[in-house]
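Heads up: the structure comes next, in structure tokens.
The figures here come from the full heavy-atom set of this structure, side chains too, leaving out hydrogens, waters and symmetry mates. Each chain gets a letter, A, B and so on, in the order its sequence line appears, and its residues count up from 1. Just so we're clear, the structure is a prediction, and the values are computed from it rather than from any experiment.
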Amino acid sequence: MTDKNVILTDDMFELLDDSEKNSEFIAIESKTFFRDTWDRFKKNKLALFGLIFLVLMVLGAIFVPMFSKYGYTTQNMQLRNALPSLEHPFGTDGLGQDILVRVMYGARISLSIGFVSALINLVIGVIYGGIAGYLGGKVDMVLMRIIDIIYSVPSVLYTLLILMVFGNNIFSMIVAISITSWIQMARQVRTQVMSLKEMEFAMAAKVLGAGHMRILLKHLVVNALGPIIVCLTMMVPNAIFTEAFLSMLGIGLDPLIPSWGALANDCRQLLFTYPIQIIWPIAAICLTILSLNFIGDGLGEALEAKR
Amino acid sequence: MIKYIIKRLLVGALTLFILMTVTFFAVRAIPGNPFAQDSRGLSPEAYAALEHKYGLDKPVTEQYVIFLQNAIKLEFGESIAKKGQQVIDIIADRAPVTFKLGVVAFVISVVFGIALGVISALTKKRWVNSLITTFATLGVSIPSFLFAIITMYLFGVKFKLVPLMGLDSWQNYILPAFALALSPISMITRLTRSSLKDVMNKDYITLARSKGTGELKVILKHGLKNAMLPIVTYCGPMFAGLVTGSLVIERLFTIPGIGAEFTNSITNRDYTLVMGLTIFLGLIVIIMTIVSDIVAALIDPRIKLGK
């Protein structure tokens, strides 16, 4: 026991040196969720390359057609099939149209189709998968059987039928792509919600009297955001692929719209004449799909590490 | 086991029925008319006679019932665009071409995929591994038809090593088959690699080795045999990919198979042929999925317990 007779005086203490004040403080700087993910994402070189490429592509898609002096159908009969030059960085095609502008205009179309259909998938997939996972039991079984049935037929068949019914415009292309690709998202969300709803915070929300919709959207879906984002990233290349595939079949968009698929379709004739021109659309499609896949993988790893 | 097979068959039948229904009504909803090409010179009476011949004058519900009855008897009627040819004959005529190509691509995918996967899982050299992994990443990202265009240019136009069109000799198969197999090879490589790596760390592999079994026998009999399951389950979807992928590959290489017929029938608004082909393609995919599910259940009895 301590001696009660000791009297504490000021000279028994001395001030601590400034440098030693925080010596016992060992916690690292606290980071927000997104900061943390970003830091991990940055370390993945391929993912970072993918992100940079995608940003450049989006900027190019927005600004190149806007500021170029050539429109995507501006023809110059004096300058047909020109090689790349300062005037036309990618050269010109058989009608003297600037290939750079056409490829970037194609990026506008293909990327919009990709992002819009991914967003539609997000909405449908989260609602469908969320309901199936949250309610479980019979509802879940019926909803999942429906998915199994839709999934077991190649999506190209549905896509073709829808394009035929609604005509070959961008709107029906987006509908056609979205009609089957939400399934993956729904499955992903369902699995996540099923495991998350058993956790304590979901129980706590329930005890506090939160409604079903609130628990599902504000608690469960928000906590499943990681896998959802990864799934979303993977859907964009899928949509770009499908658009190109259909246009190659000659039943995609109106061939006068220079979507990437339409440009790739033109390549078949160019093989024997001006093979240099086929590089650009092919490189644009492949690198974009590759970038998005890298970003998806990188995000997957960055978010996974959190768990 | 029998119960599982019956259940799978029932789900397959239901899927086929839904596909038939969707196709029937989608085709009816397509704007445009199968007789458009020759309707200009047609009198209203002749037009009515044509409609009567194909049963298009009856109410849609009645047409639907007739269609289902005929479909069970495998009668899809006469092609509208190709006068005097039965749909079933066209399919019988074209299907072998697509199947031959599909089987070649299937064999290539399995052989190359497993070989690359095994090498990559077992090699101690890092560069071999990263070479294969890079290939597998590129393989799933590059769309088959763009890969086909690139190889067409390199091997067909530039170096003139292989013929580009048709399917007359065995050399004709090389480019289209590899283009079709590109993505399956990469998928099987990934699956084999991860599955075999798992298996090779198991105790029974160590046991087999310690009993003095030769390394090759350990890999083939104890390792690969147990690592096959994910590859077998992938074969169903893979076949679906080969069938739908051949739509565009057949168009590129002007191969007269099912895919080429399918795209033509859509552009011609050939109702009967579109329906016949959609159902045929759907049927193949459904059967293949069921077969690969059943084989997987035979290999690993744990599967059906999980369902």
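The 12-atom threshold is exceeded at CZ of B:Phe25, counting heavy atoms of other residues, nucleotides or ligands nearer than 6.0 Å. Heavy-atom neighbours of B:Lys158 NZ from other residues, nucleotides or ligands within 6.0 Å: at or below the threshold of 12.
Listed here is the closest heavy atom pair of B:Ser144 and A:Phe241: N-CE1, 4.5 Å. Considering all non-hydrogen atoms of both residues, A:Cys286 and B:Ile142 come closest at SG-CG2, 3.9 Å. Here the closest heavy-atom approach between residue B:Gly245 and residue A:Phe245 is recorded as CA-CE1, 4.3 Å. When all heavy atoms of B:Arg251 and A:Met248 are compared, the pair lying nearest together is NE-O, 2.8 Å. Scanning both residues, A:Ile289 and B:Ser141, for their nearest heavy atoms gives CG2-O, 3.3 Å.
Going from atom CG of A:Leu246 over to atom OG1 of B:Thr263 covers 11.0 Å, rounded to the nearest 0.5 Å. Going from atom CG of B:Leu146 over to atom CH2 of A:Trp260 covers 11.0 Å, rounded to the nearest 0.5 Å. Rounding to the nearest 0.5 Å gives a distance of 11.0 Å between CD1 of A:Ile149 and CG of B:Leu16. Expressed to the nearest 0.5 Å, how far CZ of B:Phe145 lies from CD1 of A:Ile282 amounts to 9.5 Å.
Proximity to chain A (any heavy atom under 4.5 Å) is shown, for B:Ile149, by both the backbone and the side chain. Looking at B:Val248, both its backbone and its side chain come within 4.5 Å of chain A, counting heavy atoms on both sides. No part of B:Phe147 comes within reach of chain A, as not one of its non-hydrogen atoms sits under 4.5 angstrom from that chain. Proximity to chain A is limited to the side chain of B:Leu19, based on heavy atoms less than 4.5 angstrom apart. Both the backbone and the side chain of A:Leu249 come within contact range of chain B, judged by heavy atoms closer than 4.5 Å.
The salt bridge (Lys or Arg N to Asp or Glu O under 4.0 Å) test applied to B:Arg94 returns B:Glu261, not counting sequence neighbours.
Within the 4.5 Å cutoff, the side chain of B:Val157 has no heavy atoms near those of the A:Pro275 side chain. Side-chain contact between A:Leu160 and B:Phe262 is present, with heavy atoms from C-beta onward closer than 4.5 Å.
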Derivation and outcome, side-chain contact (heavy atoms from CB on, under 4.5 Å), residues B:Thr137 and A:Asn293: CA-CA 9 Å; B:Thr137 316; A:Asn293 283 343; 6.0 Å; no

